[in-house]
Amino acid sequence: LTQLRTDRNSNNAARQPSSLTMGQSTSKPKNKAGPSVVRAKIERAAKTGILSLAEHNLAEMPDALMQAKGLGGGAPSKLKTLDLSSNRLAALPPGLSVQYPNLKTLKAPRNRLERLPSLGSLEAATAIDLSENALSARVVDQAFSGGSSVALTSLVLRRNPLGAVPRAVTSFPSLRTLDLSACGLSGTLEWGDGILAALLELIVDDNAIDALPDTLPARAPRLKRLSLERNRVTSIPAAVLESPTLDRLDLKGNPGLTKAAFLQLPGVEAFLDRRQKTRSKDIAGGALGDLGVCGLD
């Protein structure tokens, strides 16, 4: 019996490749993010206009992206969607606006971006997501200077160390959604002298904002939703509560503002009445309404 076990072990060892070492596998890895896969995606994108290189462990843009027919070689690209999410990119390629003039959606969250090329001439872009990078407000302002992203409706910059609201946001005449959550904002919520004329939704959760200006309704005249969760707000100006368009406030996680204190604020009745009318319409349409008081319950 001992001899039989020895013979079996010898036969098994003989069948193993001589170069195999501890921890190696005899099966070939299924690499879905290798150079050949990237090249194939780029070639397809020349036809579809959609390129996703998310989670490809890229530290820089692939050379093939500039060489593929229809996506480079000096000719303007027909690319409409570019997804670079969850890579290791420290920068985006220079000349992005020139190379991809038809780009509508640019996604580059969860990278290591510290600088940006000029993005101001992306006139066709409607949505840009640069969240979870290392961008400052100055870098964002410089990227969008000297151009006009006239079609941009959604800009997501959450979890960047901005330190302030980029003044460039007021240069987007069609901007409807702006997310600046966890961007190191503090003090009074301000963005220079510009007006966010089309803005409907402003999300500034997880900052250290402690006050809103009375001029907010004039600076964002169409604002419907303002989310201030987990900040340091202790009061809401009457001018904000009485704004005729505002019908949603998210105030959860502000230690200095209780439900009881909120309900005593000047202008709160007008806000709650407006919110109730919107809620009734939503419920009539089949949506589930928010039954709380701005998250303060």
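Everything numeric here is computed off the predicted structure, so don't read it as measured data.
Using a distance-only test at 3.5 Å, with no hydrogens or angles considered, no donor-acceptor pair links the side chain of Asn207 to the main chain of Ser186. Judged by distance alone, with hydrogens and angles left aside, the side-chain atoms of Arg158 form no donor-acceptor pair with the main-chain N or O of Glu132 at under 3.5 Å. Of the possible donor and acceptor atoms, one in the side chain of Asn254 sits under 3.5 Å from a partner among the backbone N and O of Leu228. Looking only at distances, no side-chain donor or acceptor of Ser227 sits under 3.5 Å from a matching main-chain atom of Val204. When atom types are taken as modelled, the side chain of Thr215 and the backbone of Ala218 share no donor-acceptor pair closer than 3.5 angstrom. For the pair Asp214 (side chain) and Ala239 (backbone), a donor-acceptor distance under 3.5 Å is absent. Asp83 contributes no side-chain N or O that, together with a main-chain N or O of Ala54, makes up a donor-acceptor pair within less than 3.5 Å. In this structure, the side chain of Asp210 does not engage the main chain of Thr234 through any donor-acceptor pair within 3.5 Å.
Electrostatic pairing of Arg274 and Asp247 does not count as a salt bridge here, judged by no charged N lying under 4.0 Å from a carboxylate O. In summary, Lys252 and Asp205 do not engage in a salt bridge, as defined by a charged side-chain N under 4.0 Å from a carboxylate O.
Checking Ile236, Val293, Leu226 one by one against Leu251, the side-chain contact (heavy atoms from CB on, under 4.5 Å) holds for a single residue, Ile236. Each of Val140, Val156, Leu135, Val139 was checked for a side-chain contact (heavy atoms from CB on, under 4.5 Å) with Leu130, and the lone residue meeting it is Leu135.
The OG1 atom of Thr105 sits 9.0 Å away from the CD1 atom of Ile50 when rounded to the nearest 0.5 Å. Note: Leu223 CG to Leu200 CG = 7.5 Å, rounded to the nearest 0.5 Å. Rounding to the nearest 0.5 Å gives a distance of 10.0 Å between CG of Leu199 and CZ of Arg176. The distance from the CG atom of Leu189 to the CZ atom of Arg219 is 9.5 Å, given to the nearest 0.5 Å.
With a 4.5 Å cut-off on side-chain heavy atoms, Asp179 and Asp129 do not count as touching. The shortest distance between side-chain heavy atoms of Lys41 and Leu51 falls below 4.5 Å. Under the 4.5 Å side-chain criterion, counting only non-hydrogen atoms from C-beta, Ser154 is not in contact with Ile128. For the pair Leu155/Thr177, no side-chain contact is recorded, criterion being any heavy-atom separation below 4.5 Å from C-beta on.
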Residues Thr153, Leu175; criterion side-chain contact (heavy atoms from CB on, under 4.5 Å); working and verdict: CA-CA 4 Å; Thr153 60; Leu175 189 64; 5.8 Å; no
Could you walk me through whether Leu79 and Asn102 pass the side-chain contact (heavy atoms from CB on, under 4.5 Å) check? CA-CA 6 Å; Leu79 197 66; Asn102 299 302; over 6 Å; no
Take Leu263 and Leu272 through the test side-chain contact (heavy atoms from CB on, under 4.5 Å) and record every step on the way to the result. CA-CA 9 Å; Leu263 293 176; Leu272 292 177; 3.8 Å; yes
Using side-chain contact (heavy atoms from CB on, under 4.5 Å), reason through Leu249 and Leu241 one step at a time and then give a plain yes or no. CA-CA 9 Å; Leu249 268 173; Leu241 292 172; 3.7 Å; yes
Applying salt bridge (Lys or Arg N to Asp or Glu O under 4.0 Å), run through Asp273 and Arg275 and close with a yes or a no. CA-CA 5 Å; Asp273 181 63; Arg275 193 186 70 148; over 6 Å; no
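Under the side-chain contact (heavy atoms from CB on, under 4.5 Å) criterion, Ser149 pairs with Phe144, Leu152, Phe172, not counting sequence neighbours. Every residue two or more places apart in sequence or in another chain that forms a side-chain contact (heavy atoms from CB on, under 4.5 Å) with Ala198 is listed here: Arg222. Remark: Asp141 pairs with Pro166, Arg167, Ala168 by the side-chain contact (heavy atoms from CB on, under 4.5 Å) rule, at least two apart or across chains. Here Thr188 pairs with Glu190, Ala211, Pro213 under the side-chain contact (heavy atoms from CB on, under 4.5 Å) rule; sequence neighbours left out.
Closest non-hydrogen pair, Ala134 versus Asn160, comes out as N-OD1, 3.3 Å.
At a threshold of 4.5 Å between side-chain heavy atoms, the hydrophobic network of Ile, Leu, Val, Met, Phe, Trp and Tyr places Val38 and Tyr100 in one connected group. The same ILVMFWY cluster, assembled from side-chain heavy atoms under 4.5 Å apart, contains both Leu122 and Met61. Linking Ile, Leu, Val, Met, Phe, Trp and Tyr whenever their side-chain heavy atoms come within less than 4.5 Å leaves Leu106 and Val150 in two separate clusters.
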Can I get a per-line list of side-chain donor-acceptor pairs under 3.5 Å for residues 86-97, giving both atom names and the distance, sequence neighbours left out?
from: Ser86; atom 1: OG; to: Arg110; atom 2: NE; distance (Å): 2.8
from: Asn87; atom 1: OD1; to: His56; atom 2: N; distance (Å): 2.9
from: Asn87; atom 1: OD1; to: Asn57; atom 2: N; distance (Å): 2.9
from: Asn87; atom 1: OD1; to: Leu58; atom 2: N; distance (Å): 2.9
from: Asn87; atom 1: ND2; to: Leu53; atom 2: O; distance (Å): 2.9
from: Asn87; atom 1: ND2; to: Leu84; atom 2: O; distance (Å): 3.0
from: Asn87; atom 1: ND2; to: Ser85; atom 2: O; distance (Å): 3.2
from: Arg88; atom 1: NE; to: Asn57; atom 2: OD1; distance (Å): 2.8
from: Arg88; atom 1: NH2; to: Asn57; atom 2: O; distance (Å): 3.4
from: Ser97; atom 1: OG; to: Ser118; atom 2: O; distance (Å): 2.8

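Sorted by first and then second residue, the side chain to side chain donor-acceptor pair (under 3.5 Å) pairs with a member in residues 44-54 form an empty list; sequence neighbours excluded.
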